[in-house]
Protein chains: 4
Amino acid sequence: MPERIKSKVDDAVLVARRRSQVIGASIQLFGKRGYYATTVREIAERAGVSTGLVYQYFGDKEDILFLALQTVLDAYKERIPRATEGIEGPLMRFRAAVHAYARVIDANIDATVLAYRETKSVGRARRDIIKQKESETNALIEAHVRDCIKAGLFEKVDPELITYQIVMIAHAWALKAWHWAGRLTVEQYVDRNLALLLHPLLTERGRRENLRLVSASA
Amino acid sequence: MPERIKSKVDDAVLVARRRSQVIGASIQLFGKRGYYATTVREIAERAGVSTGLVYQYFGDKEDILFLALQTVLDAYKERIPRATEGIEGPLMRFRAAVHAYARVIDANIDATVLAYRETKSVGRARRDIIKQKESETNALIEAHVRDCIKAGLFEKVDPELITYQIVMIAHAWALKAWHWAGRLTVEQYVDRNLALLLHPLLTERGRRENLRLVSASA
Amino acid sequence: MPERIKSKVDDAVLVARRRSQVIGASIQLFGKRGYYATTVREIAERAGVSTGLVYQYFGDKEDILFLALQTVLDAYKERIPRATEGIEGPLMRFRAAVHAYARVIDANIDATVLAYRETKSVGRARRDIIKQKESETNALIEAHVRDCIKAGLFEKVDPELITYQIVMIAHAWALKAWHWAGRLTVEQYVDRNLALLLHPLLTERGRRENLRLVSASA
Amino acid sequence: MPERIKSKVDDAVLVARRRSQVIGASIQLFGKRGYYATTVREIAERAGVSTGLVYQYFGDKEDILFLALQTVLDAYKERIPRATEGIEGPLMRFRAAVHAYARVIDANIDATVLAYRETKSVGRARRDIIKQKESETNALIEAHVRDCIKAGLFEKVDPELITYQIVMIAHAWALKAWHWAGRLTVEQYVDRNLALLLHPLLTERGRRENLRLVSASA
DNA sequence: TATGAATGAGTCTTCATTCAT
DNA sequence: GATGAATGAAGACTCATTCAT
């Protein structure tokens with residue numbers, strides 16, 4: 001139950017606009033410098049508002065972080081389903097979801113790093129909400145894994161463990177981007193890792209299907 | 001070239017003792033609360049010394065973090081080789097190294113999380129030193145991957161990518177330990193992941209060898 | 001080029017008011033206790049503002065000292081010309097300038113002592129700016145000396161040396177005021193010193209002119 | 001009555017040696033950086049002793065300053081009489097005393113500046129002792145002025161005022177040395193100022209005597 | 001509603017002083 | 001007597017938060 005952040009302003013449209021303004025600025029700054037090294041003044045400046053205004057829409061600095069983290073995770077939850085819409089076949093949908101996930105992360109490296117670094121900076125209760133949101137994103141991937149198993153394309157492995165590996169692979173891209181920078185694109189990175197990952201997972205039917213997809217896309 | 005931290009005390013033995021005292025306390029606190037949320041006073045208190053003493057052995061607070069991060073990474077670099085000493089066969093040594101790595105991480109979850117969260121909190125030059133140290137640890141694993149390839153046990157895959165996956169799997173244990181807590185032990189976690197990971201890597205000879213090792217240890 | 005002190009507030013009027021408030025307090029305290037023995041908290045208290053406010057208008061404590069010293073010297077530079085306005089005759093103007101100078105110093109003994117004691121407490125570059133300002137004040141006196149020489153009232157002596165003696169005499173009043181306290185007023189002190197000083201300087205015409213002025217004022 | 005500084009060591013010879021060691025270092029450092037900007041550690045280092053030792057011979061940091069100031073003033077009191085020993089004639093002795101005074105100051109510019117800047121840094125009671133010592137030094141000069149008056153070489157002027165001017169002239173050399181640096185030597189500076197100063201003071205007999213002395217030394 | 005000046009609690013850091021060896 | 005490591009009180013400075021306009 002995403003606990004409500006108190007605002008001193010009533011107009012819901014205005015609240016939404018102002019908050020997204022401030023959160024947008026904060027994601028950039030928190031991601032780049034970290035939560036503590038970023039001042040509310042800086043956030044306000046980048047958002048193009050006054051310091052005082054921030055406190056009309058957020059209770060305190062932690063509220064900003066909390067909503068920023070939620071915003072980041074919500075973006076994942078929203079974009080992955082969109083990427084698989086209208087795609088035929090469970091394996092193809094699985095591949096599309098993973099690629100979408102990695103692409104979202106690549107487009108929001110600051111935000112992803114932020115989620116990693118600063119989740120601990122919010123209080124216990126809120127941290128649990130964040131973790132909950134994270135699990136929901138994972139569930140989006142996990143559903144595709146389960147579908148592939150049901151369709152007899154994947155062996156009967158633990159879907160959670162597989163999902164977990166995928167998530168880690170994607171996050172690793174953000175966390176250690178400096179490591180691969182210039183050597184690999186996201187798509188290449190995902191493809192190679194997917195190849196390794198799928199190898200033991202695919203059933204005979206899955207293997208044929210996968211081959212068809214990969215060669216078709218090549 | 002690990003840049004030297006200035007100490008106002010000369011006695012090398014004392015410096016080593018005091019620093020490790022303070023660093024020990026700081027790893028716990030930085031790991032649990034983060035760098036900024038931890039005060040020097042708290043570090044001193046937990047280390048059982050006065051605030052002033054800290055500044056006899058460290059130039060400033062960032063020095064503590066820098067040395068703490070180095071200490072964490074040095075621990076990895078030292079314990080992995082020790083775990084593979086006297087072990088026969090490249091595949092066995094590879095498995096031992098991975099398990100050792102995961103075990104060290106499991107024993108120092110705070111420290112690992114610290115390395116993830118706070119590397120950005122040190123200045124650019126020092127951050128590079130830290131990253132360098134990290135690469136050196138990775139190289140320890142990578143060497144075993146190469147040995148397995150040379151021995152014809154692994155297919156001719158990119159050793160760096162494999163190493164990278166192993167590192168991420170191990171780190172994931174620390175970063176998302178709360179996810180698995182109570183459901184899996186480290187050893188189980190590593191074994192399962194290793195099984196998935198090795199599947200596409202092993203040559204026919206490697207597969208037989210691996211089977212022998214796994215059934216022997218069971 | 002009087003290097004600008006950064007303020008976090010833009011409103012120029014407010015900046016001027018707040019700064020003069022703080023500088024006024026600082027001149028008193030720095031003059032009485034010295035720069036290091038005065039805390040920023042004390043300055044804020046005496047200025048009737050919060051500690052934090054001080055840092056909205058000054059970069060650091062040294063900035064306060066620097067502006068305080070400049071304020072003191074600017075006061076001299078401004079009041080001496082005002083004291084000689086509308087006065088006839090170079091000798092009369094010279095005497096008026098010296099008296100004005102001494103009176104300003106007498107009215108700001110704390111500030112003068114401050115300038116003596118604490119000029120060394122600001123960094124090299126700023127110290128040079130202060131010295132420059134000091135020279136400008138001296139130049140105001142020196143101009144009158146030159147005028148008297150040109151008018152044939154003073155012998156052709158080194159104007160700089162004479163100015164220097166006057167400055168020293170005036171400063172001596174501030175530095176060693178305790179020595180004369182109760183025995184001499186500033187005016188008496190200046191008159192006596194001027195009598196001694198002028199004796200060898202005056203030409204025959206100057207001597208007659210001086211006599212006329214002194215007896216007129218008596 | 002020069003209040004005694006407590007020492008934890010009894011051996012008088014040792015106390016004298018250690019104290020002069022520390023005071024020597026402190027005069028240099030206090031003179032260059034000021035009292036507050038100099039740490040006890042630095043003094044000890046320059047004196048070639050340990051920090052702890054300082055507190056065996058001085059009660060606290062202010063004691064060091066107090067003794068340092070006394071040492072400076074004692075040096076004046078001791079060297080001026082020595083410079084006039086065996087010199088014939090009151091005017092010659094007067095001139096010798098003034099030159100000696102200026103030379104001592106020139107040789108100890110740091111110390112003189114120290115006396116000016118930091119006298120306020122000692123407590124009230126001790127400040128009075130310092131001022132007393134200063135007056136005693138002045139008295140040495142004043143005696144020569146009185147002798148010259150008695151001998152009919154000086155007009156019957158206020159000896160205190162004259163002495164005061166001399167003292168200021170000499171101190172000005174130290175305080176504003178940067179102003180004259182490279183343009184005048186001490187001796188030139190004193191001679192010129194003395195010429196101006198003596199002009200109104202000398203009686204007819206004094207004038208002849210002075211001429212004789214100046215031309216003889218030329 | 002929006003502003004941004006003002007506040008003051010809390011942090012890092014220094015350094016005089018002590019004291020066990 | 002001498003040392004220098006250890007202490008902790010105190011100061012400069014920052015920044016989240018408030019509030020009058």
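Nothing here was measured: the structure is a model prediction, and the numbers come from that model. Reminder, nothing fancy here: chain letters follow the sequence lines and each chain counts from 1.
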Describe the nucleic acid contact of [X] in one word from base, sugar-phosphate, nothing, applying a heavy-atom distance below 4.0 Å.
| X | result |
| --- | --- |
| D:Arg18 | sugar-phosphate |
| B:Asp11 | nothing |
| D:Tyr57 | sugar-phosphate |
| D:Tyr36 | nothing |
| C:Ser7 | nothing |
| C:Thr39 | sugar-phosphate |

Euclidean distance, atom [atom1] of residue [X] to atom [atom2] of [N] [Å, nearest integer]:
| X | N | atom1 | atom2 | value |
| --- | --- | --- | --- | --- |
| C:Ile43 | E:dT7 | CD1 | P | 16 Å |
| B:Arg33 | E:dT11 | CZ | C1' | 15 Å |
| B:Glu45 | E:dC12 | CD | P | 12 Å |
| D:Ile64 | E:dA16 | CD1 | C1' | 10 Å |
| A:Lys8 | F:dA20 | NZ | P | 13 Å |
| C:Asp60 | F:dC13 | CG | P | 5 Å |
| B:Arg17 | F:dA6 | CZ | C1' | 12 Å |
| D:Tyr35 | E:dT14 | OH | P | 20 Å |

Can the positive tip of C:Lys61 be found less than 6.0 Å from the middle of the six-membered ring of C:Tyr35, inside 45° of the ring normal?
-> yes

Between [options], which one does the side chain of [X] approach most closely?
| X | options | value |
| --- | --- | --- |
| C:Ser50 | F:dA16, E:dT7, F:dA5 | E:dT7 |
| C:Thr51 | F:dC13, E:dC12, F:dG1 | F:dC13 |
| B:Lys61 | E:dC12, F:dC13, E:dT3 | E:dC12 |

Interatomic distance, [X] atom [atom1] to [Y] atom [atom2] [nearest 0.5 angstrom]:
| X | Y | atom1 | atom2 | result |
| --- | --- | --- | --- | --- |
| A:Leu67 | A:Ser26 | CG | OG | 8.5 Å |
| A:Ile64 | A:Arg19 | CD1 | CZ | 10.5 Å |
| A:Thr38 | A:Arg46 | OG1 | CZ | 9.5 Å |
| B:Thr119 | B:Leu73 | OG1 | CG | 7.5 Å |

By nearest-nucleotide position on DNA chain F, the 5'-leaning member of A:Thr38 and B:Asp10 is B:Asp10

Tell me yes or no: between the side chains of C:Ser121 and D:Arg117, is some donor less than 3.5 Å from an acceptor?
-> yes

Ranking B:Leu53 and C:Val49 by the position along DNA chain E of their nearest nucleotide, the one closer to 5' is C:Val49

Say whether, by atom type as modelled, one donor and one acceptor occur between the side chain of B:Arg127 and the main chain of B:Val122 under 3.5 angstrom.
-> yes

In dot-bracket, 5' to 3', how would DNA chain E read with Watson-Crick or G-U wobble pairs under 3.5 Å, [ ] for crossing ones and | for pairs to another strand?
-> .||||||||||||||||||||

Contact summary for C:Leu69 and C:Glu118, nearest pair of heavy atoms | CD1-O, 4.3 Å

If only side-chain N and O atoms of C:Tyr55 are considered, is one of them under 4.0 Å from the OP1 or OP2 phosphate oxygen of F:dC15?
-> no

E:dA5 base / C:Gln56 side chain donor-acceptor hit below 3.5 Å = no

